[in-house]
Amino acid sequence: MQRNYLDELNESQRAAVQCTEGPVMIVAGAGSGKTRVLTYRIAHLVKGGVDSFNILALTFTNKAARAMKERIARIVGPESRNLWMGTFHSVFARMLRAEADKLNYPSNFTIYDTDDSKSLIKAILKEQGIDDKVYKPSSVLARISQIKTLLISHKDYSRNEIYIEDDKLAGRPHFGTIFSLYCKRCFKAGAMDFDDLLFNTNILLRDFPEVLFKYQNKFKYILVDEYQDTNHSQYEIVKRLAARFQNICVVGDDAQSIYAFRGANIRNILNFEKDYPDMKTFKLEQNYRSTQTIVKAANGVIAKNKEQLKKVVWTDNEKGEQIKLLRALTDNEEGIQVAQEIFSIKMNRQAKNKEFAILYRTNAQSRPMEEALRRNSIPYKIYGGLSFYQRKEIKDMLAYFRLAVNPNDEESLARVINYPARGIGETTIGRIRVAASDNDIGIWTVLENLKDFSLDINAGIQNKLADFVTMIKSFGVMLTTHNAYDLGYHIAKTTGILKELYDDKTVEGLSRYENLEELLNGLKEFSVGEREAPIDLPGSFETQNSETTVSHLRTLDAYMQDIALLTTEDQKGEAENLDVVSLMTVHLAKGLEFPYVFVTGLEENLFPHQFSMDDRADMEEERRLFYVAITRAEKKVTLSFATSRYRWGKLVSSDPSRFLEEIDQQYLDYPKQPALTDSNHWDFDKVIQQKETKNKPKINPHPALKKNLISQQQAKYTNKSFDPSLLKDLQVGMNVQHERFGTGKVVSMEGVFPNNKATVFFDGVGQKQLLLKFARLEILR
DNA sequence: GCTTCTACCGTTTTT
DNA sequence: CGGTAGAAGC
């Protein structure tokens, strides 16, 4: 146990840690030891006699919460287990479960993720006969989210003339109806979406004084990390909870607010003083992370923003190298240059792969980077993108789990009522849907009482439906008698999913099966107590009083609680220890640091992004984003841009980003030839010409293979079995070339199998991990 | 009801 | 380019 933890802090850090009572705002510049202060502050509270049960710490990601919890545990020991530390969503989901009855929700309500919400909206549009081109599900959802974040209920909305008028003018008069239907359907399904978690928490704290009182007393000390990224709904929750004791400590940096698009309100931090007039402010301005060059260059750029709190980030660190700029003709070349630069830094300075990060504005930019890294045999990992829990096979399985817990969950029901195929088609489901909405009840209720509705469904299918209902019900019963793994495995087996995936011997089928196995392994570890629930919070809000009459069985519904709130990063421990280059969006990089950082795609309309160009506030957010990007670096920043870029399969020309010009020249190392300011620099036609005349390597597929080449769609439905271990061998020292072939991309890979020479053709290579969708493999003897 | 094919469409960031 | 909705065929 560390005794002198306070000695490890500088003066302003220590002051911020020791001022435990009353409202406190800590403005923490990039790299100023923010996490350390937060950690020690909590430790200090606990050491000072505060019951950890009374501390609530809200973080931005589950990962951040977990990391901080570990650090605190090292200082204060096992007492840290009782801390309430997690994201807004996960903490308040737990609270809502404890208090669900007050809002007439079941305590085992389902959490809808974005996909669920979208498909619900799609279903509503279809039923209402509304054109989904005019009302695009994603924009409808975005608007719903926006409204809920402002704490406007669907009832208030549809009563408000101004909104109605606005929607009419916007050409979307039905929006109010869709919104109401959406809310009602969620409620009926016993489901909350992400925004509901916060919205309903607000309702709970607003309309139930005794509940508010209870939690105000419970959470005597509240800490909020990344306060600059809280939205209105979150702001209100914090305000209500902290109203009694006012022991609220917010930590943030207005210069790093990058989530306004999601409703984050930078005013929350800018106006903190107005909300709590007697607050104390602490500024952490010394940067311990980066070189002087990086800190100064970053300061210079962010200074262009008008709206910000006053602070001066400075550093004692060495001057360091200039920021290097790479320029390339195309995005692919940009990737090559970046890979080469990484390679040379690795060689010259004995740097490890994990010391590098490549950051970009949009996920789509990862591809050229991946390709170049792979060609240079530099291992990498992409963060973000599709999370484990968003994969089809996992979602299918989870849908059954969700149904077991809450059969009213219509999104899950729709997902699996005919998966694996059991002869229940669209028409049948449509009829049931109609019956449900005619009687204003849920689909599940119709299914349960099928005989009471004279539906035009033949007896055979009726029986199938009845079987389905019986099956789901039997799962529900087993929730209390079996542990998570036993039930999970039972479900996988009886539904036929296990067999379905096992029988699928395509490459993608195989990886699906592996994913399912991984899910089941997770359940197993959880069931035998080797692993906590995916989101690890203290058991329940009631723990102090209610003694455990509950059995010690670790059940599936305990495991399932907040699974929708998990992201890729939360899956297992993994990665951290791997020696690989990290690739991620700038958003994802917040809170991380790397010795060498590459910020790529610095082109006008890309970074800053084109959608942010017309609005000053948006542009300032882009600038903050850029600020975040370069301040991740400890030793060296390398910026890169391409003068033309493939987008949507087309080569388009682009100009260098304005951010490049905003960096003080003395900190920037321009590429030698030609100068950036040349007017000839972006001779787009020339680039095109070069592209076209470049002699592309021709691949002539073996005639025997050529006739076997199949389209994506064909491949999708073709189960061709082969030994996947061959693929793994093949990846060593292979030579990958691309060629367009009909629709999609055909990639020829040549490599040496243990015994045979092989040529492999893949249609539509999933570049992600070289794990291939739609693969065909042939071995030449 | 299931499979296959074709035509079109979107393209920011995420708890 | 890659994904998907809906039409056409089985």
Side-chain angles (χ1 to χ4, degrees), chain A residues 58-65 86-93 111 113-114 122 126 132-133 136-139 142 145 149 193-198 226 229-231 233-234 257-264 359-365 367 383-387 390 418 421-429 458 460-461 464 535 562 564-570 584-590 601 605-613 618 621-622 624-625 628-629 645-652 710-718 738 740 743-745 763-767 773-774:
Chain A
L58 296 164
T59 59
F60 199 68
T61 61
N62 293 308
K63 192 183 174 191
T87 61
F88 275 88
H89 294 267
S90 57
V91 166
F92 295 115
I111 299 173
D113 66 17
T114 313
K122 262 185 220 162
K126 205 168 178 184
D132 66 353
K133 299 248 160 55
K136 276 180 276 177
S138 53
S139 36
S145 168
T149 299
D193 67 13
F194 287 152
D195 302 301
D196 285 334
L197 294 174
L198 304 175
E226 309 279 13
D229 284 327
T230 51
N231 63 30
S233 180
Q234 293 167 325
S257 162
I258 55 175
Y259 281 95
F261 73 91
R262 203 172 76 189
L359 309 182
Y360 34 78
R361 178 68 235 270
T362 69
N363 277 312
Q365 286 165 253
R367 278 193 161 217
Y383 290 80
L386 208 60
S387 116
Q390 285 175 304
N418 196 31
R422 47 173 74 90
I424 302 170
E426 280 302 313
T427 336
T428 309
I429 296 167
N458 74 42
I461 296 178
K464 284 175 187 161
I535 294 178
D562 304 324
L565 302 176
L566 294 178
T567 56
T568 334
E569 274 27 273
D570 301 319
M584 66 186 88
T585 61
V586 180
H587 282 92
L588 232 48
K590 196 174 70 164
N605 292 325
L606 185 59
F607 196 6
H609 197 271
Q610 49 180 341
F611 292 172
S612 303
M613 303 290 281
D618 286 348
E621 177 149 316
E622 294 285 328
R624 292 193 293 267
L625 206 47
V628 168
R645 180 170 291 272
Y646 275 104
R647 276 208 241 182
W648 319 313
K650 263 194 188 146
L651 198 63
V652 294
I710 49 178
S711 73
Q712 276 190 17
Q713 280 77 10
Q714 278 176 321
K716 201 168 170 179
Y717 296 104
T718 309
H738 300 254
R740 283 190 59 97
T743 156
K745 193 187 274 178
D763 193 2
V765 173
Q767 310 262 349
K773 305 165 165 180
F774 321 134

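Just so it is clear: chains get the letters A, B, ... in the order the sequence lines come, proteins before strands, and each one is counted from 1. All heavy atoms count here, side chains included; hydrogens, waters and symmetry mates do not.
Counting non-hydrogen atoms under 4.0 angstrom, A:Lys122 reaches the backbone sugars and phosphates but no base. Residue A:Ser90 is out of contact with every strand shown, counting any heavy-atom pair closer than 4.0 Å. The residue A:Thr428 sits close only to the backbone: its heavy atoms come under 4.0 Å of sugar-phosphate atoms, none of a base. Residue A:Ile461 is in sugar-phosphate contact alone, with no base atom involved, counting any heavy-atom pair closer than 4.0 Å across all strands shown.
Contact annotation: A:Thr427 side-chain N/O to B:dG1 OP1/OP2 distance is under 4.0 Å. Within the structure, a side-chain polar atom (N or O) of A:Arg367 is placed less than 4.0 Å from OP1 or OP2 of C:dG2. A close approach under 4.0 Å does occur between a side-chain nitrogen or oxygen of A:Asn418 and OP1 or OP2 of B:dC2.
When the P atom of B:dT15 is taken as reference, atom CG of A:Leu588 falls 7 Å away, rounded to whole Å. Between the CG atom of A:Leu198 and the P atom of B:dT15 there is a distance of 13 Å, given to the nearest Å. Rounded to whole Å, atom P of B:dT14 lies 15 Å from atom CZ of A:Phe611. What separates OH of A:Tyr360 from C1' of B:dT13 is a distance of 12 Å, to the nearest Å. Between A:Tyr383 atom OH and B:dT14 atom C1' there is a gap of 17 Å when expressed in whole angstrom units. One atom, CG of A:Asn363, and another, P of B:dT14, lie 6 Å apart when rounded to the nearest Å. At whole-Å resolution of the value, CG in A:Asp132 and P in B:dC8 are 16 Å apart. Counting to the nearest Å, the P atom of B:dT14 and the CG atom of A:Asp113 are 15 Å from each other.
At least one donor-acceptor pair under 3.5 Å links the side chain of A:Glu621 to the backbone N or O of A:Ala260.
Relative orientation of the A:Phe611 and A:His609 rings is perpendicular, given thresholds of 30° and 60° on the angle between their planes. Between A:His587 and A:Phe261, the two ring planes are perpendicular [angle over 60°; tilted spans 30° to 60°].
Stacking annotation: A:Phe88 is not stacked on the base of B:dT15 (requires ring centroids less than 5.5 angstrom apart and an interplanar angle below 30 degrees). Under the stacking definition used here (centres under 5.5 Å, planes under 30°), the residue A:His609 qualifies as stacked on the base of B:dT12.
For C:dT4 and B:dT13, the C1' atoms lie 23 Å apart once the distance is rounded to whole Å.
A salt bridge does not link A:Lys126 with A:Asp132: none of the charged nitrogens is closer than 4.0 Å to a carboxylate oxygen.
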**Item:** Check against side-chain contact (heavy atoms from CB on, under 4.5 Å), A:Phe194 and A:Leu565
**Value:** CA-CA 8 Å; A:Phe194 287 152; A:Leu565 302 176; 3.5 Å; yes
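DNA chain B is contacted by both A:Ile424 and A:Thr585; A:Ile424 maps to the nucleotide lying nearer its 5′ end (nearest heavy atom per residue). Residue whose closest nucleotide on DNA chain B sits further toward the 5' end, between A:Thr87 and A:Arg361: A:Arg361.
Within a 6.0 Å sphere centred on NZ of A:Lys464, heavy atoms belonging to other residues, nucleotides or ligands number more than 12.
Ranking B:dT12, B:dT15, B:dC2 by closeness to the A:Ala421 side chain, first place goes to B:dC2.
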